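In what follows, a single structure is set out as structure tokens and then discussed.
For clarity, every value in this text was computed on a predicted model and none was experimentally measured. In each ligand, atom 1 is the first atom listed, and ligand 1 is the first ligand listed. The first residue in the sequence is number 1, and the count goes up from there. Side-chain atoms are counted along with the backbone in the values below, which use heavy atoms only and exclude waters and symmetry mates.
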Amino acid sequence: MAPSEPMIVFDDVQKRFGHNVVLSDLSFAVEPGEHVCLIGPSGSGKTTILRLLMTLEKVDGGTITVGGQGLSHMERDGKLVPADERHCREVRKRIGMVFQQFNLFPNMTVRGNLTEAPTRVLGLPADEANERAAELLELVGLSDKIDAHPTQLSGGQQQRVAIARALAMRPDVLLLDEVTSALDPELVAGVLSLLKDLGDRTDITFLCVTHEMGFARDFSHRVLMFDSGQVIEDAPPDQLFTEPTHQRTRDFLHAVIDRA
Ligand SMILES: Nc1ncnc2c1ncn2[C@@H]1O[C@H](COP(=O)(O)OP(=O)(O)OP(=O)(O)O)[C@@H](O)[C@H]1O
Ligand SMILES: [Mg+2]
């Protein structure tokens, strides 16, 4: 990857589900180490953007590049062709995701959740994976829960384990999809301050979908307002929240802030 190359590039990306065009010629880029929050109305395609990056969905047009490597395409004999499974897996190793509903492996302990992918996907020896798990649990303040099962944890604790699980893969990019919206209100602040701390202490590139406008303001370097398949406004949080240029952004912010 060239030093000045963006970490994530969407170039004219299209995504349809049947006749429903969710992303239409979507283009944006995220720089290495940048914290970008993605906001926009429900059903507008925010989760779809993250799922495309996780290769859980495939694009119908355009290209996605992560760390200079094609996610949806690769080079073969000097030509761009659709990426194959192996190529996707390699690029995907660089990306971690934390979901709204935690999605921990229910039949594994916290230790198992944190060591499964590093041993199976990265080939890390068990003792190193265990050591990494212990360090990360300390970081998220859950060292005493290493042998617990997910059902024995609160929502906030499960989400902190999910964040530790994503970090166990040492990702360059962390995708967060409304990670506090399934939490009881009193647990939200703890998870958000953990993320803020991570943002301050690491050089991970963050792309976060959030309805927490306070978090977007505190955490992000840049906010993208997304609507009707495209980024309609792209600005630092101070500017976007105080002087949005689009009426659509103003209406959205009023609706979200009134609901809070
Ligand atoms: N697997 C799928 N099959 C068919 N349609 C889908 C699928 N996934 C998403 N969609 C549709 O794509 C559109 C965008 O969905 P998406 O989940 O990306 O929205 P979102 O912006 O994340 O919304 P929310 O804020 O409610 O989470 C919606 O119209 C949804 O119905
Ligand atoms: Mg969503």
Side-chain angles (χ1 to χ4, degrees), residues 8-28 30 35-64 66 71-72 82 85 88 92 95-104 155 158-159 162-163 166 173-185 187-188 191-192 195 206-217 219-220 222-235 237 240-241 244 246-260:
I8 302 172
V9 180
F10 273 57
D11 190 12
D12 275 349
V13 170
Q14 294 168 37
K15 178 67 190 168
R16 297 184 293 272
F17 293 106
H19 294 298
N20 182 8
V21 178
V22 178
L23 310 180
S24 54
D25 301 331
L26 173 66
S27 297
F28 68 91
V30 180
H35 302 168
V36 171
C37 282
L38 200 55
I39 62 170
S42 178
S44 60
K46 304 179 300 294
T47 295
T48 302
I49 292 172
L50 302 190
R51 287 177 56 84
L52 286 167
L53 279 163
M54 291 299 285
T55 67
L56 296 168
E57 300 285 353
K58 282 203 156 47
V59 298
D60 293 310
T63 57
I64 300 176
V66 174
L71 187 63
S72 47
E85 271 299 302
C88 276
R92 225 190 62 57
I95 311 173
M97 180 159 175
V98 182
F99 300 86
Q100 185 175 359
Q101 297 293 344
F102 330 134
N103 295 9
L104 294 175
Q158 289 186 58
Q159 195 55 299
I163 293 167
V173 175
L174 197 53
L175 309 175
L176 307 174
D177 193 2
E178 299 194 28
V179 294
T180 58
S181 56
L183 298 180
D184 290 338
L187 300 175
V188 170
V191 170
L192 293 182
L195 292 172
F206 283 87
L207 183 58
C208 319
V209 171
T210 186
H211 278 127
E212 298 278 346
M213 296 302 142
F215 173 71
R217 213 173 177 141
F219 180 76
S220 59
R222 200 149 57 89
V223 180
L224 306 182
M225 169 71 192
F226 178 76
D227 190 33
S228 307
Q230 292 181 327
V231 172
I232 60 165
E233 193 150 352
D234 174 348
L240 192 129
F241 289 121
H246 281 256
Q247 187 58 38
R248 187 72 195 89
T249 312
R250 281 195 282 275
D251 293 344
F252 174 76
L253 291 175
H254 277 304
V256 178
I257 288 158
D258 285 351
R259 228 184 312 149

Looking at side-chain heavy atoms only, is the closest gap between T63 and V13 below 4.5 Å? no
Are any of the heavy atoms in G40 under 4.0 Å away from ligand 1? no
Atom 25 (O) of ligand 1: nearest protein contact (heavy atom, Å): K46 NZ, 2.8 Å
N or O pair under 3.5 Å between F17 and ligand 1: no
For atom 30 (C) of ligand 1, tell me which residue out of N20, L56, I49 has the closest non-hydrogen atom. N20
With a 6.0 Å cut-off on the ring centroids, do F28 and F226 count as close? no
From M97 atom CE to L174 atom CG, the distance as rounded to the nearest 0.5 Å: 10.0 Å
Measuring from non-hydrogen atoms of R51 to any atom of ligand 1, is the shortest distance under 4.0 Å? no
Only heavy atoms of P41, strictly under 4.0 Å: list the atoms of ligand 1 that pass. 21 (O)
Show your reasoning for whether side-chain contact (heavy atoms from CB on, under 4.5 Å) applies to F17 and E57. CA-CA 10 Å; F17 293 106; E57 300 285 353; 3.7 Å; yes
Would you check if the Mg ion (ligand 2) lies under 2.8 Å from any N, O or S atom of Q100? no
Can you name the atoms of ligand 1, numbered from 1 with element, that are less than 4.0 Å from a heavy atom of E178? 25 (O), 27 (O)
Taking K46 for the side chain and P41 for the main chain, is one N or O donor matched with an acceptor at less than 3.5 Å? yes
For V22, atoms of ligand 1 separated by under 4.0 Å from a heavy atom: 12 (O), 13 (C), 14 (C)
Tell me the protein heavy atom at minimum distance from atom 28 (C) of ligand 1, and give that distance in Å. G43 O, 3.7 Å
So which of R248, Q247, H254 actually passes side-chain hydrogen bond (donor to acceptor under 3.5 Å, both in side chains) with D251? Q247
When V98 is tested against each of V191, I163, D177 for side chain to side chain contact (heavy atoms under 4.5 Å, CB included), which residue passes? I163
T47-ligand 1 polar pair, N/O distance under 3.5 Å: yes
Distance to 0.1 Å, residue and atom name: give those for the protein heavy atom nearest to atom 26 (O) of ligand 1. S42 OG, 2.5 Å
Nearest-contact summary for atom 19 (O) of ligand 1 - protein heavy atom, Å: G45 N, 3.3 Å
Could you give me the CA-CA distance, side-chain angles and deciding distance for Q230 and D25, then say whether side chain to side chain donor-acceptor pair (under 3.5 Å) is met? CA-CA 7 Å; Q230 292 181 327; D25 301 331; 5.1 Å; no
H211 vs S181, test: side-chain contact (heavy atoms from CB on, under 4.5 Å). Steps then yes/no. CA-CA 8 Å; H211 278 127; S181 56; 5.7 Å; no
Tell me: protein heavy atom nearest atom 15 (O) of ligand 1, and distance? T48 OG1, 3.8 Å
